[in-house]
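The block underneath contains the structure these notes are about, expressed in structure tokens.
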Amino acid sequence: MLGDIVQYLSDPFNQDRILGYLGEHLQLSLLPLVIGLAAAIPLGWLASRTRSLRLTLMGTANVVYTIPSLALFVVLPGLIGTQITAPINVILALSIYTAALLVRPVVDALDAVPGHVIAAATAMGYRPLRRFFAVELPLSVPVLAAGVRVASVSNISLVSVGALIGTGGLGALFTGGFQIRYLPPIIVGIALTLLLALVMDLLLVGLRRALTPWSRVGGAH
Amino acid sequence: MLQEILSWLTDPAHWSGPDGIPHRLLEHLGYTVVAALAAIAIGVPLGLFVGHTGRGGLALVGLTNGMRALPTLGLVTFLFLVLGSTQTSTLIALVVLAVPPVLAGTYAGVQDTPRGVVDAAQGMGMTGWQRLWRVEVPNATPLLLGGIRNAVLQLVATTTVAAFVGLGGLGRYVLDGLRVYAYPKVAAGALLVAALAVVLDLLLAGLQRVIVPRGLRLAAVTRRRGGVAREPERVGTDVVAGAVAREGANG
Amino acid sequence: MIEFRSVTKRFDDGTVAVDNLNLSVDAGTITVFVGPSGCGKTTSLRMVNRMVEPTEGAVLVDGADVRASDPALLRRRIGYVIQQAGLFPHRTVLDNVATVPLLSGWTRRRARDRAGELLELVGLPTELGKRYPAQLSGGQQQRVGVARALAADPPVLLMDEPFSAVDPVVREGLQDELLRLQAELDKTIVFVTHDIDEAVKVGEKVAVFRQGGHLAQYAEPDELLARPADDFVSEFVGRDRGYRRLSFLDASGIELRDVPTAREGALPEPRPEEWVLVLNAEDRPRGWLPPGSTVDTGSETAEVQPGGSLYTKGTPMRGALDAALSSPSGLGVVVDEDGRYAGVVTAEEVLEAIQQRRAEPEHGEPEQGGFG
């Protein structure tokens, strides 16, 4: 078995293909992470300010999150008129999941910013928008980072399902291996997916540390 | 487009026979329920043991975190090629994917029992079993049921994907439709899967409301209203626990 | 009675939490373990009900080594109250209180009746029994915690920082309540706190622990404040302990003096060149007439200055110092139990009396700390 895998990996043609899938996988999982986060922050901010909006958004996020990924991948083209095999479907679907996953952490994080800190910032003359970016958002990084890590792992794992509609990054190794009844690409695909998730997670931990120098020196506030 | 999906769904021909909606729905539900029961039978006792004794907690958290990254399609195809049988390999894959959320939810639920409550239970002379059944299990119910909820969502999603290796269920419509570019069939299948997931989740949410003791629900409300100031770290772990619980549901 | 015999607790990581503790707690008293965090006071307490097992030595309750009893059975005979109350959130208040009776095999009905009685005993309306812990205030939760610990009428009660999580006003109320309960119930209580004020208030005896699990001093509160065994204790007891100690001395040792007095409505003329205490018809002090004040056509009440606080004979000496310091004449007015004038004292005299008290070799122990 190990011999088969080594043989499979030593073929330059396979190497090129795997690297191509890896790049595609990275793109298909990272882009939604950024888009989803960018959408979740203003949504979470709005939700943290109005009670009715909060309930609506949280409810929607919960329902969205129950929808199986394959279902969302194939329903989206019907809704927005894209080709059923277009990568945009996967990117959009994963962005929606990411946003749905991150809205709650954003709201929780904003709720967790101590009232006296906001009061102090306001008293020093910050306007709401500026205060949000200068005070509330940085302070919510630790909580937000935890959510982003989960979304990152989730996205990386979900991208492969896209292979069923023709855009799945490393998922293509699973469908390809299945069709020719050949295990090595499947094993390599699983290993690379796990590795990718691990590396991304470590990078995100590093990023969070870099963004929150205060949390390394004693209390977080 | 919507018209075509609707007419596909309302076509009487699609409501009978082995490829009819009722049969596919029952198949889907069957795999989900069987795998969920197996996952509960494995995950709940193990989670209670680890949570109660505190032994192996770190290994468990590491394992469930690692499992989250496991690509479902990869696991399904891998097991199929190794075992050769669609039913067996898929059921194993389903259980493998459903155990971690149940296990994590149970473990987190027991761990979530306030330190002072466990201490008081012990200090008042409860034996280990009494403490587990009378204190830790009731306190674990919200997160435990949350874990089961997410396991069920994971199962509905993975059962759909497993149509790729020949499994029945609603995923058949999606994959068979894709093969012949019959979009109405694909979309109808997807909508049915989504509806099944939403309905099951609602049912379990209702069950959660019935089972979770009233005192715990009140305590959660008090906590949420910020009656007691919470430290950011604590909020952080809550979010992680919550996010972990939600993760991978759509796998 | 609870006895610690050469008890040492060493944790797996090598830290010594309790170091060769020898101490005995008298039956029917409140004994307080006090000290900074990490001093081993809680560990010592938890060895009594075997929540922690000693590495060396033995803990005895009524002469029997606690290790001879099954932990669960032992604990049902020892009440246990902790900081956050530790109430079971999924059970009603009544069922929380009924926990130990139910564990001990009482019928549900009897356990609930008993729980109802206990709620009353700790000053809670019985209607609260139907509520859940989340619906109670912090102070109420602590009262329920105490009721729960008392439910099976255990002779021994362990209280681990029971009032530390509530605000100071509520805490004082709970302390008073505990003293009232103890007067009624006569339990053997071990009470852990980090707050020296709380220790001297509720403790009949106080054991001061220091870091590393050493017992620094074990004495009655008054003696602890008067004669700290070493620098650590005197530091821990605090710089204002001299003043704090006044609460425990009565002024029986102070000689009272007389001042000129005058009746209300019949002040002497011309006004004297010294402070005159004005009394009413029942000899109760009304205020001070300042020296050399001129006879005015205005009302007498404008001329008489209100006095400071009054000191009642036989009450703690802190009151005498208060009276002297708050009096416009610098003389503290002392009254008898009926509130009639008895004499006056100066602040110097009060302090002198304390000095004298301190010098008396009451317990024959060498003096180490000084009055700061």
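Just so it is clear, the values below take in all heavy atoms, side chains as well, and ignore hydrogens, waters and symmetry mates. A note on names: the letters A, B, ... follow the listed sequences, proteins ahead of strands, and every chain is numbered from 1.
- Between chain B and the residues Asn49(C), Leu103(C), Val100(C), the largest count of heavy-atom pairs under 4.5 Å involves Leu103(C).
- Counting all heavy atoms, side chain and backbone alike, Ile82(C) lies closest to Gly116(B) at CD1-O, 3.1 Å.
- In this structure, the separation between CD on Gln122(B) and CZ on Arg50(C) is 11.5 Å, given to the nearest 0.5 Å.
- The shortest non-hydrogen separation linking Pro89(C) to Val117(B) is CD-CG2, 4.0 Å.
- Nearest heavy-atom pair across Arg75(C) and Gly123(B) is CB-O, 3.3 Å.
- Asp95(C) CG to Arg134(B) CZ: the interatomic distance, rounded to the nearest 0.5 Å, is 11.0 Å.
- Proximity to chain B is limited to the backbone of Ile78(C), based on heavy atoms less than 4.5 angstrom apart.
- Gly86(C) and Ala120(B) make their closest contact through O-CB, 3.5 Å (heavy atoms, listed as atom of the first residue, atom of the second, distance).
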For salt bridge (charged side-chain N to carboxylate O under 4.0 Å, His left out), just list the numbers for Asp119(B) and Arg46(C), CA-CA rounded to whole Å, side-chain angles, deciding distance to a tenth of an Å, and then say yes or no. CA-CA 11 Å; Asp119(B) 193 62; Arg46(C) 288 163 69 92; 2.7 Å; yes

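- Within 6.0 Å of CG in Asp13(C) there are more than 12 heavy atoms belonging to other residues, nucleotides or ligands.
- For a heavy-atom cut-off of 4.5 Å, chain C lies close to no residue in residues 41-50 of chain B.
- Interface with chain C: from residues 203-215 of chain B, residues Pro213(B), Arg214(B), Gly215(B) qualify, criterion being any non-hydrogen pair under 4.5 Å.
- For the pair Val135(B) and His90(C), the tightest heavy-atom approach, listed with the atom from each and the gap, is CA-CE1, 3.9 Å.
- Judged as a side chain to side chain donor-acceptor pair (under 3.5 Å), the pairs with a partner in residues 30-44 of chain B (not counting sequence neighbours) are, in order, Tyr31(B)-Gln87(B).
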Atom pairs and distances, donor-acceptor, side-chain atoms in residues 58-66 of chain C, under 3.5 Å, two or more places apart:
from: Asp62(C); atom 1: OD1; to: Met1(C); atom 2: N; distance (Å): 2.8
from: Asp65(C); atom 1: OD1; to: Arg67(C); atom 2: N; distance (Å): 2.9
from: Asp65(C); atom 1: OD2; to: Arg67(C); atom 2: NH2; distance (Å): 3.3

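- Contact check for Met126(B) versus Thr99(C): side-chain heavy atoms found under the 4.5 Å cut-off.
- Contacts of Arg77(C) with chain B are absent, with no heavy-atom separation under 4.5 Å from either backbone or side chain.
- When heavy atoms are compared at a cutoff of 4.5 Å, Gln135(C) approaches chain B solely by way of its side chain, counted from C-beta outward.
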